[in-house]
Amino acid sequence: MSDEESGLNEKPLEFFMAAAGTGGYHDGQAVIPVDDHYRAFCTCGEWETTAPTQEEGLRQARIHTGSISA
């Protein structure tokens with residue numbers, strides 16, 4: 001799956017519609033800007049971190065879900 005096809009790059013409405021239909025443990029991850037960094041978290045409720053860039057937040061989210069290795 002390329003970055004362009006990843007659910008981690010969807011628009012908010014697409015993201016929530018896809019997350020609502022999966023029924024899985026890691027239904028969705030978000031990377032949002034907060035001041036001078038990004039907050040990344042998962043709907044599983046067991047993972048949250050900060051990142052200096054959006055790209056790093058997305059990378060950490062992919063590691064969390066197992067879609068890439070650390």
Side-chain angles (χ1 to χ4, degrees):
M1 177 182 298
S2 72
D3 284 346
E4 291 78 29
E5 298 170 339
S6 172
L8 295 173
N9 292 323
E10 292 178 348
K11 296 176 184 170
L13 180 58
E14 294 167 338
F15 169 80
F16 286 114
M17 289 177 67
T22 63
Y25 187 62
H26 299 292
D27 288 336
Q29 298 75 45
V31 179
I32 58 172
V34 178
D35 299 324
D36 62 346
H37 64 280
Y38 289 82
R39 177 177 169 243
F41 58 94
C42 181
T43 57
C44 73
E46 298 179 3
W47 179 78
E48 182 175 336
T49 190
T50 60
T53 65
Q54 181 181 32
E55 291 78 20
E56 177 60 17
L58 290 170
R59 187 185 77 78
Q60 291 180 34
R62 291 180 180 112
I63 291 170
H64 167 69
T65 63
S67 64
I68 64 169
S69 59

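Residue numbers run from 1 in the order of the sequence given. Values below: every heavy atom of this structure, side chains too, minus hydrogens, waters and symmetry copies.
Note that OG1 of T65 and CD of Q60 are 12.0 Å apart. Values are rounded to the nearest 0.5 Å. Once rounded to the nearest 0.5 Å, the distance linking NE2 of H64 with CD of E46 reads 7.5 Å. Between E56 atom CD and R59 atom CZ the span is 4.0 Å, to the nearest 0.5 Å. Here the straight-line distance linking atom OG1 of T50 with atom NE2 of H37 works out to 5.5 Å at 0.5 Å rounding. Between atom CD1 of residue I63 and atom CH2 of residue W47 there is a gap of 9.0 Å, rounded to the nearest 0.5 Å. Within the model, atoms CD of Q29 and SG of C42 stand 4.0 Å from one another, a figure rounded to the nearest 0.5 Å.
With hydrophobic clusters built from ILVMFWY side chains whose heavy atoms lie under 4.5 angstrom apart, F41 does not share a cluster with Y38.
Across all their heavy atoms, V31 and L58 have their closest contact at CG2-N, 3.8 Å.
Looking only at distances, a side-chain donor or acceptor of T43 sits under 3.5 Å from a matching main-chain atom of G28. No donor-acceptor distance shorter than 3.5 angstrom exists from the side chain of T49 to the backbone of A40, with no hydrogens or angles considered.
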